[in-house]
Structures are given as C-alpha cells and as structure tokens.
2 protein chains.
Amino acid sequence: MRSPILNIQPSNCHNCRMSALCLPLALDSSSLDRLDKVIERGRPIHKNKYIFHGGDPFRAVYAIRSGAVKSFCISDDGSEQVTGFYLPGEIFGWDGIDNNTHSNTATTLETTALCEIPFARFEEISRTMPILQKHFMRLMAKELTSDQELIGLLAKSSAEERVASLLLSLSSRLKRQHLSATQFRLPMSRADIGNYLGLTVETVSRVFSRFQSFDLILCDKKEIEIINLNGLSALAHKPKV
Amino acid sequence: MRSPILNIQPSNCHNCRMSALCLPLALDSSSLDRLDKVIERGRPIHKNKYIFHGGDPFRAVYAIRSGAVKSFCISDDGSEQVTGFYLPGEIFGWDGIDNNTHSNTATTLETTALCEIPFARFEEISRTMPILQKHFMRLMAKELTSDQELIGLLAKSSAEERVASLLLSLSSRLKRQHLSATQFRLPMSRADIGNYLGLTVETVSRVFSRFQSFDLILCDKKEIEIINLNGLSALAHKPKV
DNA sequence: GAGCCAGCATGATTTAGATCAATTCTGTGT
DNA sequence: ACACAGAATTGATCTAAATCATGCTGGCTC
C-alpha cells in the first residue's frame with residue numbers, strides 16, 4: 001500500500017502550489033533552482049509533535065506544505081500563550097532571529113508537512129539574491145501586522161467579535177490557497193482558540209452556540225460552515241460606539 | 001539666545017549616545033561613515049505632530065534621538081488602537097515594509113528629535129553591508145517579540161498586571177539608555193495607556209492609586225517613582241493559578 | 001482674573017465573561 | 001471492540017472591570 005501523502009508532496013519549489021505565497025513572484029527559474037537546493041523537505045509529522053521549543057537555537061524558518069501549526073510561548077508563571085496559528089503556504093519561526101534563539105514553541109495541530117529553510121544557507125544565498133531578502137522582510141512585516149491586528153482584537157473587542165474575527169481570518173486565508181472559504185475544519189481545539197483570543201473554553205463554546213442560533217454558522221465539533229458571511233463580518237467589525 | 005537643543009544633537013552616528021542601540025556593534029568606522037551619509041537628521045518636532053499617517057507610502061524607518069512617539073492604527077469602525085510607545089534609541093516604522101504602505105500612524109508624545117533612515121538608500125547600502133541587513137531583521141524580530149509579550153498581557157492578565165508590566169517595561173528601557181530606572185516622567189496620557197493596555201481611563205487611574213496605596217510607586221500626574229520594584233515585578237508576573 | 005476645556009481621580013451601578021460544576025460526547029490507544 | 005481521559009456543551013453563580021456620574025485640578029485663551 002503506497003502512502004497517499006507522497007502524491008501531494010512536491011519534489012521542488014517549481015511545482016509547489018504554495019510557492020506563490022512563500023516565494024517572491026519575481027524569482028527567475030535559475031534563482032529558484034538555487035533556492036530549491038537549500039530547502040529541506042521533511043516527511044509528514046504527526047499531530048501534537050514539536051517542531052521547535054522555546055529556548056532552542058534558531059536554525060531555520062519553516063513553510064507549511066500541508067497541515068497546521070500553532071506557536072505559543074511560556075510565560076514566567078509557566079502558562080501558555082498561543083501566539084499564532086499557521087496554515088499551508090504560511091511561514092513561521094521568525095521569532096528566533098533575535099538572539100538566535102526561539103522564544104516560541106511550535107507544535108503540529110494535525111499531520112503536517114514542512115519545508116525547512118535553514119537560515120545560515122539562506123543568508124548566504126540571499127546575498128546574491130537581494131529580492132529574496134526583501135521578500136523575507138516583507139513576510140516578517142506581515143507577521144508584525146497580523147500581531148497588531150490581534151492586539152487590537154484583544155484590547156478592545158467582545159468575545160463575539162474575537163471569535164468572528166478568527167473565523168473570518170481563517171476563511172480568507174483558506175480562500176487564498178483556493179480552498180473553500182465557507183466550509184472548513186478547525187485544526188485547533190476550543191482551548192487553543194480561547195487561549196489565543198484571551199477567552200475561556202466555556203465562553204468560546206457559548207459563542208459558537210450563539211452564532212449557530214443566529215444562523216451565522218453551522219458547526220459540528222470542528223467542522224465549520226459559514227452561512228452568513230456578511231453577518232459575521234458585521235459582528236467582527238463592531239458597529240459599536 | 002541659542003537653542004539648548006542644539007547641544008544634544010549629534011552631528012553623526014559616531015558621537016551619538018544611541019548608536020549602541022540602533023546600529024550593529026560590529027560596524028567598522030568606514031561602514032559607519034557610509035551609513036552616516038544616508039541618515040537624515042531632522043530638527044526637533046513639537047508635541048502631537050504626525051510623523052506618518054496610516055496609508056502613507058513607506059519611505060523610511062525612524063530612530064528616536066530624544067522624546068517619545070506612539071504608534072496606533074485605526075480600525076474599521078474608526079477607533080484608535082495604540083500599538084506601541086517608542087523611547088530614545090528605539091526604531092519604529094517597520095509596519096510599512098509590507099505593501100510599501102504604513103498601516104500605523106505615528107505621532108510625537110512630546111518634543112522629539114528623529115533620525116530618518118530612508119529605506120531605498122538603506123537597501124542599496126545594505127547590499128554591501130550584510131551585517132546591517134541582519135541587524136535590521138533582528139530589530140524587526142525584537143518588535144515581533146515585544147508585540148507577542150503584549151498579546152500575552154492582553155490575553156491573560158488583570159488590570160494591575162498590565163499596568164505593572166508597562167511600568168516595568170518603560171523602566172527597563174530607560175535603564176538601557178542609562179537613565180533612571182526608578183524615576184521618570186510618563187510621556188503618554190492615561191487614555192493612551194488605557195488604549196494600549198485594553199483598559200478604560202478610569203481603571204488605569206484606579207490602578208495607579210492602588211499602587212500608591214500599596215507603596216509600590218509614588219506618582220504625581222505623569223511623574224513616576226518606583227519605590228518597590230520587586231513588589232511591582234511580583235505583581236506583573238502573576239503568582240496566580 | 002474669569003471662564004473653559006482636557007486630563008485625572010473617585011464613587012455607585014451594571015454587566016460580560018470568569019469561575020465552578022455537572023453531563024455528554026469522542027477520539028485514541030490497548 | 002472497549003474503556004477511559006480529554007474535549008465540548010450547558011447551567012448557575014460570582015467578580016473584575018466597564019459604564020455612568022460627579023468633582024477636582026491646572027493650563028489656556030479672551
């Protein structure tokens with residue numbers, strides 16, 4: 001019995017569906033080749049495995065080919081704070097550039113295939129490919145922007161707005177990879193959502209129920225269908241004040 | 001009458017007290033010279049002036065020589081969300097790298113002198129000075145880390161913990177520039193603090209009062225003296241759970 | 001100096017979400 | 001196929017912070 005996973009694994013960046021997201025568009029074929037040689041394509045990793053731990057030396061950043069990842073940091077008191085969820089085509093691991101040490105821990109939320117981009121090699125080849133360096137700074141800046149959106153969400157919004165925003169964020173990110181924007185499976189638990197959004201599990205669960213009773217979504221455990229996307233947006237961008 | 005401000009203005013990066021913070025240490029003298037030529041040193045800007053607006057084209061990042069800056073973004077509903085406070089020696093404006101457009105607005109909180117680092121020129125010279133590029137990625141990663149700290153704060157902490165954390169953050173950043181870590185003047189209003197920490201003005205005010213009654217700080221309007229730094233730390237890193 | 005406004009403090013009341021508690025569901029491993 | 005620990009839902013109560021309200025202060029203009 002052959003593994004079905006092998007079929008979806010690209011052998012290189014040229015034929016990877018995700019390359020539009022993780023690589024600069026203007027990269028010519030020979031540059032792509034050089035880059036291709038640097039990137040290490042790992043075999044799929046099981047659910048709930050560690051990719052790196054907080055405190056680990058920074059070696060690489062990672063692009064997701066399939067699956068999903070959460071990153072979190074441990075605060076002084078030992079409690080977790082989820083800092084991000086990452087979907088296919090997205091890159092994570094930047095937190096290690098400062099100090100050459102990861103401040104976050106990253107784990108798989110489901111079976112996940114990664115491309116590893118070793119940072120030492122990356123620096124060396126980006127010297128001859130300035131566009132790549134700029135692209136990576138862009139990606140870091142994107143991460144900054146998304147963190148700031150989360151800050152805005154946490155600082156000001158109600159539980160309903162937070163959950164609605166998360167659903168919409170997932171939806172638009174899935175759409176970008178040409179997957180359904182209205183029907184998907186949440187890769188993370190309610191507890192992870194709550195932690196990420198600064199809410200308790202109970203509150204998250206109640207909000208999901210309320211959204212269902214308002215006919216905004218259908219949800220069966222982790223399967224989500226967005227029925228009224230406009231209604232959800234209206235809720236996310238509070239008409240308040 | 002000569003302006004006293006002129007005295008503290010460095011004419012170049014060599015004699016700037018801040019350079020240890022905003023430039024890589026390993027930069028040799030000739031590299032520093034080249035960089036020096038690119039940087040534009042502005043004259044002091046008054047309080048409550050805009051440095052850039054959200055939506056402005058991205059031209060430069062800025063290092064603070066003296067004064068203080070806040071950055072904030074405007075959400076869909078028109079409300080402000082303060083995303084950061086910046087003190088001397090710190091660099092802000094990264095948010096523009098993505099899309100070549102600033103997502104934040106930056107304003108001065110008091111009279112402020114800036115060094116402007118035009119990004120186009122920066123890219124050109126960093127090609128011959130790889131260490132500089134790495135340093136700037138480091139700085140961005142630092143910003144990412146500090147955003148994530150704020151996220152942790154907003155997601156989980158009580159009003160007292162949030163305010164204590166902000167005071168400690170300001171304290172340690174002032175210390176880094178060899179200023180007093182225990183006596184300083186808050187450059188921002190209670191409203192800004194509240195907005196930044198996701199609290200109302202009233203709550204911020206009450207927490208300040210409570211901290212005074214606990215003999216953790218002395219405070220008269222914006223003048224702060226930290227009396228019991230350990231106590232404040234204990235409060236910031238909640239012993240909870 | 002009178003009057004005005006913004007910033008800050010403080011008291012009374014309300015409320016959203018946390019906490020506590022109990023039950024059902026489900027996926028996972030033997 | 002079974003058993004069991006963790007995940008999710010739902011309900012009852014409690015609480016921290018928001019909201020509403022009022023007064024104080026200090027800087028500003030006229």
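Numbered from 1 within each chain, the chains take letters A, B, ... in sequence-line order. We use all heavy atoms of the structure for the numbers below, so side chains are in, but hydrogens, waters and symmetry mates are not. Since the model is a prediction, treat every value here as computed from it, not as a measurement.
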**Q** Take a 6.0 Å sphere around NZ of A/K175 and say whether it holds more than 12 heavy atoms from other residues, nucleotides or ligands.
**A** no
**Q** Could you report the tightest heavy-atom contact between A/L232 and A/L216, atom names first, then the distance?
**A** N-CD2, 3.9 Å
**Q** To the nearest angstrom, how far is A/L199 atom CG from C/dG17 atom P?
**A**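 Going from A/L199 (CG) to C/dG17 (P), I get 7 Å.
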**Q** Using whole Å, report how far CG of A/L109 lies from P of D/dA7.
**A**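 It works out to 12 Å between those atoms.
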**Q** Could you name each residue pair satisfying side chain to side chain donor-acceptor pair (under 3.5 Å) that touches residues 46-58 of chain B, not counting sequence neighbours?
**A** none
**Q** Take atom CG of A/L186 and atom C1' of C/dG27, then tell me their distance rounded to the nearest Å.
**A** 17 Å
**Q** For A/K142, check salt bridge (Lys or Arg N to Asp or Glu O under 4.0 Å) against everything at least two apart and list the hits.
**A** B/D98
**Q** Among the nucleotides D/dT10, C/dG17, D/dA17, which one has an atom lying closest to any side-chain atom of A/S209?
**A**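 Ranking D/dT10, C/dG17, D/dA17 by closest atom to the A/S209 side chain puts D/dT10 first.
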**Q** Can you find a donor-acceptor pair, distance only, under 3.5 Å between A/R206 side chain and D/dG11 base?
**A**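 It does, because a donor-acceptor pair links the side chain of A/R206 to the base of D/dG11 below 3.5 Å.
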**Q** Choose from D/dT19, C/dA9, C/dA18 the nucleotide whose nearest atom is closest to any side-chain atom of A/T200.
**A**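 Nearest to the side chain of A/T200 among the choices is C/dA18.
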**Q** Can you tell me which nucleotide in C/dG17, D/dA18, C/dC8 comes closest to the side chain of B/S205?
**A** C/dC8
**Q** Measure from the side-chain heavy atoms of B/E202 and tell me the nearest of C/dA9, D/dC20, C/dG17.
**A** D/dC20
**Q** Using atom NZ of A/K47 as one end and atom P of C/dG29 as the other, report the distance to the nearest whole Å.
**A**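 So the two atoms are 9 Å apart, to the nearest Å.
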**Q** Please give the angle, rounded to 10 degrees, between the axes at the start and the end of the helix from C/dG1-D/dC30 to C/dT30-D/dA1, where five pairs define each axis.
**A** 50°
**Q** Pick from B/L186, B/L218, B/L170, B/T182: which one makes a side-chain contact (heavy atoms from CB on, under 4.5 Å) with B/I224?
**A**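 One option only clears the test, and that one is B/L186.
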**Q** Looking only at heavy atoms, what is the nearest atom pair of B/E80 and B/I74, with distance?
**A** CG-CD1, 3.9 Å
**Q** Can you measure A/F208 atom CZ to D/dA7 atom C1' for me and round it to whole angstrom units?
**A**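 After rounding, the gap between these two atoms is 13 Å.
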**Q** Contact class for B/G198 vs. all strands (heavy atom < 4.0 Å): base, sugar-phosphate, or nothing?
**A**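 Counting heavy atoms under 4.0 Å across all strands, the contact made by B/G198 is with sugar-phosphate only.
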**Q** In whole Å, I'd like the distance from the CE atom of A/M188 to the C1' atom of D/dA8.
**A**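 Computing the A/M188:CE to D/dA8:C1' distance gives 16 Å.
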**Q** Quiz question: by atom type and distance under 3.5 Å, do the side chains of B/S172 and B/R176 form a donor-acceptor pair?
**A** no
**Q** Tell me, please, which residues at least two apart from A/Y196 pass ring-ring contact (aromatic ring centres under 6.0 Å, His included).
**A**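 A/Y196 satisfies ring-ring contact (aromatic ring centres under 6.0 Å, His included) with A/F85 only.
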**Q** For A/F208, check ring-ring contact (aromatic ring centres under 6.0 Å, His included) against everything at least two apart and list the hits.
**A**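 Partners of A/F208 under the ring-ring contact (aromatic ring centres under 6.0 Å, His included) test: none.
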**Q** Using whole Å, what does the distance between atom P of nucleotide C/dG17 and atom CD1 of A/I193 come to?
**A**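 A/I193 atom CD1 is separated from C/dG17 atom P by 16 Å.
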**Q** Quick one: A/H46 NE2 to C/dT28 C1', roughly how many Å, whole number?
**A** 13 Å
**Q** Heavy-atom contacts under 4.0 Å between residues 212-222 of chain B and DNA chain C, which residues?
**A** B/K221, B/K222
